[in-house]
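Inspection log for the structure reproduced underneath, given as structure tokens.
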There are 2 protein chains.
Amino acid sequence: MGNQVQESKALDGGATFADDELVRSGRDADVTRRALVRAARRRFATEGYRATTVRHIAADAGVNVALISRYFGSKEGLFEACMNRTVDELDPQTRARASSVDEVIARLLTHVVEAPNADDPLQLLLLLRSSGDENADAIRRRTLERFTEQLAAAAGWNADVPASQPLLLRAQMAIALMLGLVMLRTATEVQPLASASADQLTEPLERVLRVLLDTTEK
Amino acid sequence: MGNQVQESKALDGGATFADDELVRSGRDADVTRRALVRAARRRFATEGYRATTVRHIAADAGVNVALISRYFGSKEGLFEACMNRTVDELDPQTRARASSVDEVIARLLTHVVEAPNADDPLQLLLLLRSSGDENADAIRRRTLERFTEQLAAAAGWNADVPASQPLLLRAQMAIALMLGLVMLRTATEVQPLASASADQLTEPLERVLRVLLDTTEK
DNA sequence: GAGACAAGTAAACGATCGTTGACATAGGTA
DNA sequence: TACCTATGTCAACGATCGTTTACTTGTCTC
């Protein structure tokens, strides 16, 4: 057989992310742009960069495919916009100087395990899923490194050296732990981790993260 | 612009996995099959299922594309063969009983950071990447849960309760850390983690893993 | 209300994907 | 030697991808 499935049929295949809120009532380019980024982030996070098609994204957002090229230049540009928005939302929380390592850790845990917003963990997945696309991966890599520096800076608030390489490494280990955790919980859905409550996770995670990030601890 | 890049040119784009060893001298279907699985595993692990093309795999293995359909039915069939082989190779090592937590940790570190065989970490990536295929993901999930139980049993060798759920959770956190680490090091290639030496990683990782797995420690 | 410009759509293009059927060739068998 | 089957190659097919061009439609200003 060939690649089958008519192009028209392909769009209703799989769960169609109906973009409930953020209805585009009138003609507003900004609203449309946000709707596209919103739809794209969910697709990219859950299905990966290469597997998501611009036609799916446009259908989720309820607009024509051509608008992606018009507003973001290309699929790659839309992906970069998604990453930038994720960083922007992650930034104020990591940038805000913490008064203690405990506060940094608490902030991380809030994002990953408590997850007040259901889309929060998906944003992290966006940082982990490699695409196979060379430029998209470069964007991802650069974003992760920026995130690392901010986390290390926040953790080393009381360290004498501002950003030693061992600290950067430990910060990235913390990130690796959190990313792997989200991956196993939401994508692979391995048990009992996937259905574990936040209470069960916070205590051991706190201890581990303190070992990695606390520069004062022996 | 369009999708650019001539089809003939595309094949030498990116790092071409020259399949050094396992040269197919004569005409041997078994040897060819193994060469294909070998090349496919590296591509699938580093670039993901969707981003890997059968033409790349065939080029890596040094054979014609048509043989993939002939020997494995389809790209999906080849992926399933890769998974089966990975499970077969991972099983005996996790099944072997460890005598102490330190030994378990040492074993984990050997697999992930020291990596005597360059393909070892890539096998782990195969367990993490979702394919979109329902059956493949089920196999993946079941394998991870089995791996968790064996790791928890090995870690709790001196604990009074054999396999408490908190221990299972901590074991899966350890797995999450290792998988995230391999992901960031080999797929995303984020710095400085990707180019860090084994020496730089073992010390902090040992401490973290002991916190997670050592049931005697306070 | 008429025009103008932005916002959105429809249809198509070229490229690449996975797959296939017809053909070539090596190596063992009669 | 002549043949025959397993093994491998080649060229093409249909589908789908991201992108672009030409067009339509809404909305605001004068």
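Letters A, B, ... mirror the listed sequences (proteins, then strands); counts begin at 1. These figures come from a predicted structure and were not determined experimentally.
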Next on the checklist: Ignoring hydrogens and geometry beyond distance, is a side-chain donor-acceptor pair present between Arg140(A) and Thr188(B) at under 3.5 Å?
Outcome noted: no
Next on the checklist: Does either side chain, that of Ser197(A) or that of Gln200(A), offer a donor lying less than 3.5 Å from an acceptor on the other one?
Outcome noted: yes
Round to the nearest Å and state the distance from [X] atom [atom1] to [N] atom [atom2].
X	N	atom1	atom2	answer
Asp30(A)	dA6(C)	CG	P	14 Å
Ile57(B)	dT19(C)	CD1	P	10 Å
Ile68(A)	dA10(C)	CD1	P	15 Å
Asn64(A)	dT19(D)	CG	C1'	12 Å
Lys75(A)	dT19(D)	NZ	P	8 Å
Leu78(A)	dG18(D)	CG	P	11 Å
Arg55(A)	dT9(C)	CZ	C1'	13 Å
Phe44(A)	dG18(D)	CZ	C1'	12 Å

Measuring from the side chain of [X] (C-beta onward, heavy atoms only), which nucleotide among [options] has the closest atom?
X	options	value
Thr32(A)	dA12(D), dT9(D), dG8(C)	dG8(C)
Ala66(A)	dT7(D), dG18(C), dT21(D)	dT21(D)
Ser69(B)	dG8(D), dT20(C), dT19(D)	dT20(C)
Arg27(B)	dG18(C), dT25(D), dG8(D)	dG8(D)
Leu67(B)	dG8(C), dG18(D), dG8(D)	dG8(D)

Next on the checklist: Heavy atoms only, 4.0 Å cut-off, all strands: where does Phe72(A) land among base, sugar-phosphate and nothing?
Outcome noted: nothing
Next on the checklist: Applying a 4.0 Å non-hydrogen cut-off, can you work out what Ala29(B) is touching in the nucleic acid: base, sugar-phosphate, or nothing?
Outcome noted: sugar-phosphate
Item to check | Inter-residue atom distance Gln172(B).CD - Leu167(B).CG, 0.5 Å rounding | outcome: 10.5 Å
Item to check | salt_bridge(Asp60(A), Arg42(A)) N-O dist < 4.0 Å | outcome: no
Next on the checklist: Would Lys75(B) pass as a cation-pi partner of Phe44(B), given that its NZ or CZ must be under 6.0 Å from the six-membered ring centre and within 45 degrees of the axis?
Outcome noted: no
Item to check | Along DNA chain D (nearest heavy atom to each residue), the more 5'-positioned of Glu76(A) and Arg70(A) | outcome: Glu76(A)
